[in-house]
Peer 1: 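Please see the structure below; I have some questions.
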Amino acid sequence: MLRGASVVLRPTAPDDVPALAAIRATPEVRARWRGEGDLAADVAADLEDPGVHPFTVEHERRIVGMIQWYAEEEPDYRHAGLDIFLAPTVHGRGLGSDAVRTLARHLIDDHGHHRLVIDPAADNTAAIRCYEKAGFRPVGIMRQYERGADGTWHDGLLMDLLAADLVR
């Protein structure tokens, strides 16, 4: 269990799947975290993927989202990447930045990563601000990086954080 200033991150359990699927089903989250028709199956698949390490985000003992990480372990390219979604009811309250900082601190201090990456949609200004508050910096635009729900390609923004840049 990882504790931030306002959030608790704990390993995601199968019992969390319905609450997380409900958050993923909200229009604001679904627009960024698409999925097939069965979002519960999509969340459950993350739990089964040995390369992904999901944590449930809690605030005031209530599930408000999920944050996950993965690692590139090739020694010459070693780094970790993060992804996060939060319920729209808690957007704009600093919980995302707190969750990102908390997980980043864990990846740097406990796993020895010197560099972290995250890749929001280039037009997701709220997410970009959230990540910048934790110390992430823009690296560059990845053109036509991700296919949207409408079938067209959209740009992504690659951001990274070096251990020394983490806002603790």
Side-chain angles (χ1 to χ4, degrees), residues 4 7 9 12 20-47 49 51-57 64-74 76-108 111 113-167:
V7 299
L9 310 182
T12 301
L20 294 172
I23 294 168
R24 287 266 311 266
T26 61
E28 298 90 337
V29 176
R30 190 156 185 143
R32 304 293 182 179
W33 276 71
R34 292 185 7 243
E36 301 305 319
D38 187 351
L39 294 177
D42 288 347
V43 173
D46 285 339
L47 300 183
D49 185 339
V52 175
H53 309 278
F55 286 84
T56 295
V57 180
V64 296
M66 188 174 86
I67 189 168
Q68 61 188 21
W69 68 277
Y70 61 90
E72 168 58 62
E73 294 294 352
E74 164 60 41
D76 293 339
Y77 298 94
R78 188 171 189 272
H79 68 277
L82 291 74
D83 290 305
I84 183 172
F85 65 84
L86 293 179
T89 56
V90 300
H91 287 180
R93 296 172 46 187
L95 301 181
S97 293
D98 188 24
V100 169
R101 267 194 306 276
T102 301
L103 183 56
R105 188 175 59 243
H106 171 66
L107 294 171
I108 291 166
H111 289 273
H113 286 284
H114 76 286
R115 180 173 175 266
L116 308 176
V117 297
I118 199 160
D119 58 355
D123 66 350
N124 192 343
T125 56
I128 293 165
R129 278 195 314 270
C130 166
Y131 308 146
E132 287 174 335
K133 288 178 185 175
F136 280 85
R137 297 180 185 180
V139 173
I141 296 292
M142 299 179 291
R143 298 178 309 146
Q144 296 185 9
Y145 176 66
E146 180 176 51
R147 190 186 320 263
D150 63 358
T152 64
W153 291 95
H154 302 273
D155 294 346
L157 176 65
L158 177 61
M159 301 180 79
D160 72 0
L161 178 144
L162 300 180
D165 298 332
L166 176 61
V167 176

Peer 1: Looking at R24 and V43, what are the two nearest heavy atoms and their distance?
Peer 2: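 Where R24 meets V43 most closely, the heavy atoms are NH1-CG2, 3.9 Å.
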Peer 1: Does H154 have any ring-ring contact (aromatic ring centres under 6.0 Å, His included) partners at least two apart in sequence or in another chain, and if so, which?
Peer 2: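 With neighbours one apart ignored, the set is empty.
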Peer 1: Please answer whether the main-chain N or O of I23 pairs with a side-chain N or O of T26 as donor and acceptor at a distance below 3.5 Å.
Peer 2: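 Confirmed, T26 side chain pairs with I23 backbone.
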Peer 1: Please report the closest heavy-atom contact between A134 and V100, naming both atoms and the distance.
Peer 2: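 Scanning both residues, the minimum pair turns out to be CB-CG1, 3.8 Å.
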Peer 1: Going by atom type alone, with no hydrogens or angles, which donor-acceptor pairs under 3.5 Å involve a side-chain atom of residues 114-127 and a protein atom two or more places apart or on another chain?
Peer 2:
unit_1	atom_1	unit_2	atom_2	d
R115	NE	D160	OD2	3.2
D119	OD2	Y145	OH	2.3
D123	OD1	R32	NH1	2.8
N124	OD1	A127	N	3.2

Peer 1: Evaluate whether atom CZ of R78 has more than 12 neighbouring non-hydrogen atoms of other residues, nucleotides or ligands under 6.0 angstrom away.
Peer 2: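 Yes, enclosed.
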Peer 1: Would you please name every residue forming a ring-ring contact (aromatic ring centres under 6.0 Å, His included) with H113, sequence neighbours left out?
Peer 2: none
Peer 1: Side chains of L82 and Q68: closer than 4.5 Å at any heavy-atom pair?
Peer 2: no
Peer 1: With heavy-atom distances below 4.5 Å as the criterion, would you say the side chains of H111 and W69 are in contact?
Peer 2: yes
Peer 1: Looking only at heavy atoms, what is the nearest atom pair of G4 and T102, with distance?
Peer 2: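 Residues G4 and T102, closest heavy atoms: CA-OG1, 3.1 Å.
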Peer 1: For residues L20 and G65, report the shortest heavy-atom separation together with the two atoms involved.
Peer 2: CD2-O, 3.3 Å
Peer 1: Would you mind reporting whether V167 and R101 have side-chain heavy atoms less than 4.5 Å apart?
Peer 2: yes
Peer 1: State, to 0.1 Å, how close I84 and W33 come at their nearest heavy-atom pair, and which atoms those are.
Peer 2: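 Closest heavy-atom pair between I84 and W33: O-NE1, 3.1 Å.
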Peer 1: Salt bridge (charged side-chain N to carboxylate O under 4.0 Å, His left out) with R129: which residues, sequence neighbours excluded?
Peer 2: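 R129 satisfies salt bridge (charged side-chain N to carboxylate O under 4.0 Å, His left out) with no other residue.
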Peer 1: Side-chain contact, heavy-atom cut-off 4.5 Å: D42 with L39?
Peer 2: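 Yes; the side chains approach each other to less than 4.5 Å.
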Peer 1: Could you pull out all residues at least two apart from R93 that satisfy side chain to side chain donor-acceptor pair (under 3.5 Å)?
Peer 2: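 Side chain to side chain donor-acceptor pair (under 3.5 Å) list for R93, sorted by chain: H59.
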Peer 1: Tell me which pairs pass salt bridge (Lys or Arg N to Asp or Glu O under 4.0 Å) where either residue lies in residues 140-150, with sequence neighbours left out.
Peer 2: none
